[in-house]
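So the structure is just underneath, and the comments pick up after that.
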Amino acid sequence: MRLLPSAFWMKNPMKSEAIIRGRFAPSPSGTLHLGNLLSSLLAWLDVRSQGGVMLFRLEDLDPDRSFEHYANQMARDLEWLGLDWDEGWRPGSDQCRQGNRTAHYENALKQLREKGLVYDCYCSRAERLAASAPHPGEAHDAGCGCRFLTEAEARQKRHSGRSPAQKCLIMPQTIRWTDVHYGFQEDPLQSGQDDFIIRRSDGVFAYQLAVSVDDIEMGVTRVVRAQDLMRSTARQIYLIQTLGGSAPEYCHAPLLIAPDGRKLSKRDGDLNMDYFREHFTPEQLIGILAKLAGLQATSSPIKARELVESFSWESVPRNPIVIPSELI
Ligand code: GLU
């Protein structure tokens with residue numbers, strides 16, 4: 001189902017340009033922290049200020065790290081902040097959740113296989129993390145020699161009880177794109193070292209594949225997410241183009257870091273919504289985020305929709321933003 005945005009959000013209703021489609025794409029592995037909230041606010045403002053359609057996709061790919069109560073809480077928290085969406089997942093719905101989209105990922109895997117771009121990998125490194133978005137410190141999968149195993153060697157590995165993961169082979173090429181916020185980027189992808197897991201040995205599809213397939217099939221044209229995912233962008237553009245799709249525009253948002261330089265983590269329960277709900281109103285929290293993002297001069301309380309009209313990426317910092325110590 002595709003809903004058109006209400007006239008309320010149509011800044012330029014007479015323009016005939018294609019309507020942009022953005023997304024919230026949270027993984028329900030914890031409670032949204034301040035950094036997630038900043039990216040969500042910017043993703044929402046980006047779409048609403050252009051009269052676009054906002055989608056909610058639940059990235060519950062990894063059964064070991066996805067919990068329904070976190071998903072429900074994320075949806076309630078975004079609504080509480082006034083960050084609404086037009087399509088996709090809502091509590092209780094089966095739509096638009098990666099856990100239900102295995103057939104789509106199977107189909108993409110088949111297409112890649114037909115192009116000769118899939119090989120079995122018997123290494124266990126990086127496997128555990130492959131289903132979730134790689135953040136700094138969670139290194140990308142390093143190159144391994146599995147691509148060059150002879151049939152006899154592969155058989156021997158299987159006989160020893162190991163089931164393989166599947167990896168995507170990179171055809172060496174430099175991927176170039178212009179990030180809406182960080183400008184021109186290029187990433188020279190190399191065979192071997194940049195090949196990446198697309199399905200874990202336990203059958204769970206990996207983040208890079210799922211997110212690329214979903215962005216194609218859900219018609220996403222604008223991806224706003226935190227800068228720590230910038231390094232995944234070239235792989236996603238590679239996959240999207242290989243699968244015959246056209247890549248969305250990417251717009252990375254600055255990271256929020258603790259005063260000691262530490263990055264925030266959902267799993268560590270950092271500065272999260274449980275705390276904010278107890279101590280702030282939605283307007284106060286949006287006011288703080290708006291100040292951090294350079295959208296207003298002070299942190300005075302404001303509603304998210306009051307920021308739509310004047311929203312521009314120009315005032316948003318590019319360097320990591322240090323959270324003021326009085327918030328910690
Ligand atoms: N689900 C990912 C996360 O919560 C975000 C994926 C993306 O925006 O590409 O970190």
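Note that ligands are numbered from 1 as they come in the structure, with each ligand's atoms numbered from 1 the same way.
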request  = Could you tell me whether Ala133 approaches ligand 1 through its side chain, its backbone, both or neither, with non-hydrogen atoms closer than 4.0 Å?
outcome  =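 Under 4.0 Å from ligand 1, Ala133 contributes side-chain atoms alone.
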inquiry  = Counting only nitrogen or oxygen atoms and a 3.5 angstrom limit, does Arg225 reach ligand 1?
reply    =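 So ligand 1 has an N or O lying under 3.5 Å from an N or O of Arg225.
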task = Among residues two or more places apart or on two chains, list those pairs meeting ring pair (Phe, Tyr, Trp, His ring centres under 6.0 Å) that have a residue in residues 88-117.
result =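 Checked against ring pair (Phe, Tyr, Trp, His ring centres under 6.0 Å) - neighbours excluded - the pairs reaching residues 88-117 are Phe56-Trp89, Tyr105-Phe205.
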request  = Please confirm whether Gln236 comes under 4.0 Å of ligand 1, counting heavy atoms of the residue only.
outcome  =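 Gln236 does not count as a contact of ligand 1 under the 4.0 Å cut-off.
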query = So, Tyr238 and Asp194: side-chain donor and acceptor under 3.5 Å apart, yes or no?
reply =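 Per modelled atom types, Tyr238 and Asp194 side chains form no pair under 3.5 Å.
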message = Under a 3.5 Å threshold, yes or no: a donor from one side chain and an acceptor from the other, between Arg225 and Tyr250?
response =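 The criterion, which ignores hydrogens and geometry beyond distance, is not satisfied for Tyr250 and Arg225.
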task = Quick one: closest heavy-atom pair of Leu42 and Trp313, and the distance?
result =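 The pair with the smallest heavy-atom distance is CB-CH2, 3.7 Å.
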Under 4.0 Å from any heavy atom of [X], which atoms of ligand 1 are there?
X	answer
Glu59	1 (N), 2 (C), 5 (C), 6 (C)
Val211	9 (O)
Ala25	1 (N), 2 (C), 4 (O), 5 (C)

query = Please, which pairs that meet salt bridge (charged side-chain N to carboxylate O under 4.0 Å, His left out) have at least one residue in residues 24-34, sequence neighbours excluded?
reply =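 Of all non-adjacent pairs touching residues 24-34, none passes salt bridge (charged side-chain N to carboxylate O under 4.0 Å, His left out).
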